[in-house]
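As structure tokens, the structure follows; a few thoughts come after it.
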Amino acid sequence: MRGFGQLEAEIMERLWAWGRPASVREVVDDLNLTRPVAYTTVNTVADILYTKGWLTRHKEGRAWIYRPTRSREAHSADLMHEALGESGDQQAALLLFVEGIDAEQARVLRDLLDRGKGA
């Protein structure tokens with residue numbers, strides 16, 4: 001698994017942020033607030049995301065309504081697992097990761113690890 005292309009990421013970010021299904025028209029209108037993009041381009045990329053399994057869709061009238069198949073958090077976790085798996089030295093990679101997190105992130109990580117030990 002790899003990250004998304006630029007427009008794929010922009011579409012996914014909107015759908016994740018909205019937390020609800022949305023039409024291509026809604027995505028296009030929101031994208032056009034910051035930069036011009038054609039309806040057909042967004043429609044094509046949404047169809048590609050559907051084909052890749054990142055989105056589900058259903059018809060409402062003539063429009064496709066899209067919803068992410070996985071949460072943003074699940075996607076982030078997959079990317080972290082992939083990056084760790086590609087590391088030649090997982091211990092060193094984890095150490096560098098932990099050294100780079102702030103105090104609040106470290107507290108959350110400690111709490112999660114402690115919770116996992118008790119399970």
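Model, not experiment: these values are computed from the prediction.
The side chain to side chain contact (heavy atoms under 4.5 Å, CB included) test applied to Thr41 returns Leu7, Val37, Ala38, not counting sequence neighbours. Looking at residues two or more places apart in sequence or on another chain, you find a side chain to side chain contact (heavy atoms under 4.5 Å, CB included) between Leu33 and Asp30.
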For Leu15 and Arg67, what are the C-alpha separation, side-chain angles and deciding distance, and is it a side chain to side chain contact (heavy atoms under 4.5 Å, CB included)? CA-CA 7 Å; Leu15 292 172; Arg67 172 189 295 270; over 6 Å; no
Does the side chain to side chain contact (heavy atoms under 4.5 Å, CB included) test come out yes or no for Arg25 and Tyr39, once each step is laid out? CA-CA 7 Å; Arg25 172 54 53 206; Tyr39 179 94; 3.2 Å; yes
Show your working on side chain to side chain contact (heavy atoms under 4.5 Å, CB included) between Glu26 and Arg20 and close with a plain yes or no. CA-CA 11 Å; Glu26 290 176 280; Arg20 61 171 176 77; 3.0 Å; yes
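Using a distance-only test at 3.5 Å, with no hydrogens or angles considered, no donor-acceptor pair links the side chain of Trp54 to the main chain of Phe4. In this structure, Thr69 contributes its side chain and Gly53 its backbone to a donor-acceptor pair below 3.5 Å. The backbone N or O of Glu10 lies less than 3.5 Å from a partner atom in the side chain of Arg14, making a donor-acceptor pair.
Two residues are said to be in side-chain contact when any heavy atoms from C-beta on lie closer than 4.5 Å; Pro68 and Met12 meet this criterion. Between His58 and Glu60 there is a side-chain heavy-atom pair separated by less than 4.5 Å.
We find the CH2-NZ distance between Trp64 and Lys59 to be 5.5 Å, quoted to the nearest 0.5 Å. In this structure, CG in Leu84 is found 12.5 Å from CG in Leu79, a value given to the nearest 0.5 Å. To the nearest 0.5 angstrom, Leu96 atom CG is 12.0 Å from Ile101 atom CD1. Distance check, rounded to the nearest 0.5 Å: CG of Leu55 to CG of Asp47 gives 9.5 Å. How far OG1 of Thr44 is from CG of Leu49: 11.0 Å, rounded to the nearest 0.5 Å. In this structure, OG in Ser71 is found 10.0 Å from NE2 in His75, a value given to the nearest 0.5 Å.
Taking every heavy atom of both residues into account, Ala46 and Val24 meet most closely at CB-CG2, 4.3 Å. The two residues Gln90 and Ser87 have their closest heavy-atom pair at N-OG, 3.7 Å.
Following chains of ILVMFWY side-chain contacts shorter than 4.5 Å, one cannot reach Ile65 starting from Val45, and the two form parts of different hydrophobic clusters. Leu94 and Leu113 fall into different hydrophobic clusters, where Ile, Leu, Val, Met, Phe, Trp and Tyr are joined by side-chain heavy atoms under 4.5 Å apart, directly or via other members. The hydrophobic cluster containing Met80 does not contain Leu95, counting ILVMFWY residues as joined when their side-chain heavy atoms lie under 4.5 angstrom apart, directly or transitively.
Applying the side-chain hydrogen bond (donor to acceptor under 3.5 Å, both in side chains) test to residues at least two apart or on different chains, the pairs with a partner in residues 97-106 are Glu104-Arg107.
A salt bridge is defined here as a Lys NZ or Arg NE, NH1 or NH2 lying under 4.0 Å from an Asp or Glu carboxylate O, and Glu13 with Arg72 meets this definition. The existence of a salt bridge linking Arg115 and Asp111 is excluded, since no basic side-chain nitrogen approaches an acidic carboxylate oxygen closer than 4.0 Å.
Under the 6.0 Å distance and 45° angle rule, Arg57 does not count as a cation-pi partner of Tyr66.
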